[in-house]
> 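A single structure is presented below for examination.
This one's a predicted model, so the numbers in the text were calculated from it and none came from an experiment.
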Amino acid sequence: SMHQDGTWHPLGTGPNGNVFAVAVLDELSGPRLYAGGDFSFTGGHNTSNLAVWNGSEWARVGGTNSNGGGVNGTVWALSQISKVGAPSLGVAGAFGGANGGPQAWGFMEWTGAGWLAPSDGLRGARVFAVGGFSVFGERRVAVGGDFFEAGGKPSDNFAVYGVPCSKPVITDQPNSHFARIGRRVQFDLEARGTRPFSYAWRKDGQTLIDDDRIQGAATAVLAIDPWE
């Protein structure tokens with residue numbers, strides 16, 4: 001239903017299942033209303049979990065009438081993603097790809113004319129929230145939900161797509177120390193690049209591991225107490 005002039009109005013014959021998200025996409029032909037959820041039929045058309053209201057009737061999103069367009073699993077969240085001159089619709093949920101289109105777990109973009117998919121999606125994905133933002137004019141997409149990997153990298157239930165990757169570089173090397181036997185000594189370093197980082201410290205060519213004397217062997221701060 002649509003709320004207008006203080007009154008609720010039906011929008012044709014709605015979906016035959018649950019609707020969990022709605023969003024408006026400012027397409028070149030004008031704004032259009034999208035609905036996502038867990039359904040297969042809307043307004044007399046096959047619509048697989050995603051449908052668009054074009055101002056007079058419901059229609060499928062991409063695909064064909066036989067496959068219903070949309071995506072092959074539940075849609076939990078929709079959001080317009082800012083993109084200069086050509087905004088797109090972020091579609092998130094528990095699916096593996098578009099019907100008759102590219103495949104990607106948990107998140108895809110609909111441009112109004114076709115699907116865009118990340119090169120590698122989200123593993124174990126049920127994505128419940130999606131939003132777009134920009135950093136110094138560069139587009140980012142944030143997603144949150146129930147997943148453990150994003151783009152091939154470990155990710156605990158939250159990830160940002162569109163961040164350029166850069167190799168790690170040590171910006172502050174650990175200082176040399178003169179330490180007395182039996183005293184505590186600490187080494188620190190700083191690094192920049194695309195996280196997460198992995199750390200390993202070596203002494204006499206051997207990789208150190210944490211024990212009763214060594215703490216932080218896999219972090220940016222290594223402490224040895226007592227020094228031998």
Side-chain angles (χ1 to χ4, degrees), residues 2 11-12 14-15 19-43 45-122 125-145 147 150-152 159-165:
M2 177 178 64
L11 290 180
V19 174
F20 301 122
V22 293
V24 174
L25 178 62
D26 293 322
E27 300 182 14
L28 296 177
S29 58
R32 291 195 174 189
L33 175 67
Y34 287 79
D38 182 14
F39 52 83
S40 60
F41 198 77
T42 309
H45 303 283
N46 291 327
T47 53
S48 182
N49 306 305
L50 186 65
V52 57
W53 177 259
N54 62 17
S56 59
E57 64 177 353
W58 290 101
R60 69 176 186 274
V61 177
T64 63
N65 188 57
S66 60
N67 63 32
V71 293
N72 58 14
T74 303
V75 173
W76 289 104
L78 299 171
S79 178
Q80 177 166 306
I81 299 171
S82 296
K83 196 173 182 181
V84 177
S88 61
L89 182 72
V91 181
F95 52 78
N99 290 316
Q103 304 298 291
W105 287 100
F107 169 76
M108 298 183 70
E109 292 180 60
W110 173 255
T111 66
W115 288 102
L116 299 175
S119 57
D120 197 359
L122 307 160
R126 290 187 299 168
V127 182
F128 303 127
V130 58
F133 61 102
S134 64
V135 178
F136 300 114
E138 295 185 355
R139 189 186 64 139
R140 304 284 188 268
V141 179
V143 296
F147 53 88
V160 177
Y161 177 69
V163 178
C165 294

> Mind checking the CG-OH spacing from Leu122 to Tyr161? Nearest 0.5 Å is all I need.
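Here the interatomic distance stands at 10.5 Å.
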> Please check if any side-chain donor atom of Ser48 sits under 3.5 Å from a side-chain acceptor atom of Asn46, or the reverse.
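Note: Ser48 and Asn46 side chains miss the donor-acceptor criterion.
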> Do you know the tightest heavy-atom contact between Ala117 and Ala104?
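Result for this residue pair: CB-CB, 3.8 Å.
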> What's the separation between atom CZ in Phe95 and atom CZ in Arg126, rounded to the nearest 0.5 Å?
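Interatomic distance, Phe95 CZ to Arg126 CZ, rounded to 0.5 Å: 14.0 Å.
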> Using side-chain heavy atoms (C-beta onward) and a distance below 4.5 Å, is Phe107 in contact with Pro118?
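The answer is yes, as the side chains (C-beta and beyond) meet within the 4.5 Å cut-off.
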> Is the shortest side-chain heavy-atom distance between Trp58 and Val52 below 4.5 Å?
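They are not in side-chain contact.
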> Is there side-chain contact between Leu78 and Phe20, with at least one heavy-atom pair below 4.5 Å?
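Result no, sub-4.5 Å side-chain heavy-atom pair not found.
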> Does a side-chain heavy-atom distance below 4.5 Å link Trp105 with Val127?
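No, side chains not in contact.
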> Using the side-chain hydrogen bond (donor to acceptor under 3.5 Å, both in side chains) rule, collect all pairs that involve residues 66-77, keeping only residues at least two apart or in two chains.
Thr64-Ser66, Thr64-Asn67
> For the backbone of Leu50 and the side chain of Thr47, can you confirm whether one donor and one acceptor N or O come within less than 3.5 Å of each other?
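Answer holds: no.
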> Flag the pair Val143 / Phe128 as yes when at least one side-chain heavy-atom distance between them is below 4.5 Å, and no otherwise.
no
> Ignoring hydrogens and geometry, is there a side-chain-to-backbone donor-acceptor pair from Glu57 to Gly12 under 3.5 Å?
no
> Before giving the answer on side-chain contact (heavy atoms from CB on, under 4.5 Å), spell out for Asn65 and Arg60 the whole-Å C-alpha distance, their side-chain angles and the decisive distance to 0.1 Å.
CA-CA 8 Å; Asn65 188 57; Arg60 69 176 186 274; 4.0 Å; yes
> Begin from the C-alpha positions of Leu116 and Thr111 and carry the test side-chain contact (heavy atoms from CB on, under 4.5 Å) through to its verdict.
CA-CA 7 Å; Leu116 299 175; Thr111 66; 3.6 Å; yes
> Can you check whether Glu109 reaches Ile81 side chain to side chain, under 4.5 Å on heavy atoms?
yes
> Got a donor-acceptor contact below 3.5 angstrom from the Asn49 side chain to the Gly73 backbone?
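Checked: pair present.
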> Side chains of residues 30-40: which donor-acceptor partners sit under 3.5 Å, not counting sequence neighbours?
from: Tyr34; atom 1: OH; to: Glu27; atom 2: OE2; distance (Å): 2.3
from: Tyr34; atom 1: OH; to: Trp110; atom 2: NE1; distance (Å): 3.0
from: Ser40; atom 1: OG; to: Asn16; atom 2: ND2; distance (Å): 3.2

